[in-house]
Amino acid sequence: MCNLAALPASDLDAVLAATDVGEVWGVGPRIGKQLKAAGIHSVLDLRQLSASTVRANWSVVLERTVRELQGQPCIGLDDAPSAKKQIACTRSFGGPVTGELPLIEAVSEFASRAAFKLRKQSSLASEVLVFARTSPFRDTPQYNRSIVVPLVRPTANTSELTAAAVQGLRHIYKPGFQFAKAGVMLLDLIPDNQHQAELVFNEPGVGVCSDGRERLMSAMDMINERFGRSTVHVASTGAERSVKEWTMKQERRTPAYTTSWSQVAVARA
């Protein structure tokens with residue numbers, strides 16, 4: 001990393017004069033050839049051009065680059081990535097899954113992870129998509145189905161999103177198939193401070209304890225971040241320490257030598 005702005009003017013001019021114009025970000029081979037044909041060979045030559053001349057002969061983008069070289073900020077920096085338009089959590093199973101209960105556990109786990117990501121970016125989901133499918137590489141009966149479950153109101157509450165995902169799974173589940181993969185996607189995301197309000201009549205619990213649910217989710221996230229993922233989880237994901245037939249195969253996973261005491265290599269003399 002080199003801070004060119006910290007250089008004296010004479011040193012900076014020397015650096016720019018020694019740098020080919022094609023090295024400037026945004027100056028491709030085609031524009032580079034045009035600039036050199038016009039007698040502009042170095043970055044210093046480019047900086048000394050008139051911005052209006054660059055705009056008239058090339059483009060607004062190159063004009064902004066020239067203005068940046070002249071010390072005028074034109075291209076803003078994104079300090080944080082933009083919020084995702086949808087959030088998905090999908091996994092292939094370690095082996096064939098045939099029962100409905102293991103699928104419910106898997107989908108509940110996926111919905112919980114997606115809900116955590118949703119709250120991280122301060123968004124709410126309006127729809128939940130859930131899917132389950134067999135493996136196209138196995139010589140077994142094939143099945144592939146998905147469904148979108150619309151929510152009554154946008155939410156980031158884990159229990160509500162999980163309930164919608166489980167509801168959708170029960171609708172598409174069919175016995176007699178060896179399922180190989182399932183997943184949950186949160187759709188139609190909106191900022192958590194811009195959702196449409198509504199009038200609620202004769203619906204107990206709605207609009208009364210929303211603050212309580214938000215505090216519950218915040219406490220849940222804090223506990224899981226401190227003590228490990230799924231320390232606190234919804235019941236439909238199953239017992240935390242039980243053997244789950246839907247989990248991925250991880251026999252060849254790289255050990256966490258530098259972050260987990262239990263996986264530190266032991267040398268025996």
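Only this structure's heavy atoms are used, side chains among them; waters, hydrogens and symmetry mates stay out.
- Partners of Asp11 according to the salt bridge (Lys or Arg N to Asp or Glu O under 4.0 Å) rule, which considers only residues two or more places apart in sequence or in another chain, do not exist here.
- Of the possible polar contacts, one joining the Gln142 side chain to the Ser135 backbone as a donor-acceptor pair under 3.5 Å is found.
- For the ring pair (Phe, Tyr, Trp, His ring centres under 6.0 Å) test, residues two or more places apart in sequence or in another chain that qualify with Tyr173 are Phe179.
- Separation of atoms CG (Leu189) and NZ (Lys117) is listed at 12.5 Å; rounding is to 0.5 Å.
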Just do the side-chain contact (heavy atoms from CB on, under 4.5 Å) check on Ser112 and Thr237 with the steps written out, would you?
CA-CA 9 Å; Ser112 299; Thr237 60; 4.2 Å; yes
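- Thr258 pairs by the side chain to side chain donor-acceptor pair (under 3.5 Å) definition with nothing, not counting sequence neighbours.
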Working for side-chain contact (heavy atoms from CB on, under 4.5 Å), residues Val21 and Asp45:
CA-CA 8 Å; Val21 70; Asp45 296 334; over 6 Å; no
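- In this structure, Arg119 places its CZ atom where more than 12 heavy-atom neighbours from other residues, nucleotides or ligands lie under 6.0 Å away.
- Note that the CD atom of Glu63 and the CZ atom of Arg55 stand 5.0 Å from one another [nearest 0.5 Å].
- In terms of the side chain to side chain donor-acceptor pair (under 3.5 Å) criterion, Thr162 has no residue partners (sequence neighbours excluded).
- Taking the salt bridge (Lys or Arg N to Asp or Glu O under 4.0 Å) definition, one finds that Lys84 meets it with nothing, sequence neighbours left out.
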Less than 3.5 Å apart, which donor and acceptor atoms pair up between the side chains of residues 259-269 and the rest of the protein, not counting sequence neighbours?
unit_1, atom_1, unit_2, atom_2, d
Ser260, OG, Ser262, OG, 2.9
Gln263, OE1, Ala256, N, 2.6

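- Under the salt bridge (Lys or Arg N to Asp or Glu O under 4.0 Å) criterion, Glu225 pairs with Lys120, not counting sequence neighbours.
- Ser218 and Asp221 are not linked by any side-chain donor-acceptor pair at a separation below 3.5 angstrom, with hydrogens and angles left out of the test.
- Checking Asn157 against Ser159 by side-chain atom types alone, a donor-acceptor pair falls below 3.5 Å.
- The hydrophobic cluster containing Val128 also contains Ile87, counting ILVMFWY residues as joined when their side-chain heavy atoms lie under 4.5 angstrom apart, directly or transitively.
- For the pair Val149 and Gln167, the tightest heavy-atom approach, listed with the atom from each and the gap, is CG1-OE1, 4.1 Å.
- Follow the hydrophobic side-chain contacts under 4.5 Å out from Val97 and you never reach Phe131; the two are in separate clusters.
- For Glu100, there are no side chain to side chain donor-acceptor pair (under 3.5 Å) partners, not counting sequence neighbours.
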Would you sort out whether Val66 and Gln70 count as a side-chain contact (heavy atoms from CB on, under 4.5 Å), showing the intermediate values?
CA-CA 6 Å; Val66 171; Gln70 294 172 350; 3.5 Å; yes
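- Once rounded to the nearest 0.5 Å, the distance linking OG1 of Thr155 with CD of Glu214 reads 9.0 Å.
- Legend: residues meeting salt bridge (Lys or Arg N to Asp or Glu O under 4.0 Å) with Arg113, ordered by chain and number and at least two apart, are Glu109.
- With sequence neighbours excluded, no residue forms a side chain to side chain donor-acceptor pair (under 3.5 Å) with Ser126.
- Listed by first and then second residue, the side chain to side chain donor-acceptor pair (under 3.5 Å) pairs that reach into residues 31-40 are Asp20-Lys36, Gln34-Trp58, sequence neighbours excluded.
- Residues Val166 and Phe93 share a single hydrophobic cluster, defined by chaining ILVMFWY side chains whose heavy atoms lie under 4.5 Å apart.
- Taking CZ of Arg133 as the start and OG of Ser92 as the end, the distance is 6.0 Å to the nearest 0.5 Å.
- Residues Val107 and Val234 are members of separate hydrophobic clusters, defined by side-chain heavy-atom contacts under 4.5 angstrom among Ile, Leu, Val, Met, Phe, Trp and Tyr.
- A salt bridge is absent between Arg64 and Glu68: the closest approach of a Lys/Arg side-chain nitrogen to an acidic carboxylate oxygen does not fall below 4.0 angstrom.
- Residues satisfying the side chain to side chain contact (heavy atoms under 4.5 Å, CB included) test with Leu12, not counting sequence neighbours, are Leu4, Leu7, Leu16, Arg47.
- Leu46 and Val15 fall within a single hydrophobic cluster, where Ile, Leu, Val, Met, Phe, Trp and Tyr are joined by side-chain heavy atoms under 4.5 Å apart, directly or via other members.
- To the nearest 0.5 Å, the span separating OG on Ser123 from CG on Asn193 amounts to 9.5 Å.
- Counted by atom type alone, Ser108 and Ser236 present one or more donor-acceptor pairs between their side chains at under 3.5 Å.
- Rounding to the nearest 0.5 Å gives a distance of 15.5 Å between OH of Tyr143 and CD of Gln178.
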Give the C-alpha distance, both sets of side-chain angles, the deciding distance and a yes or no for side-chain contact (heavy atoms from CB on, under 4.5 Å) between Leu129 and Ile147.
CA-CA 6 Å; Leu129 181 147; Ile147 189 173; over 6 Å; no
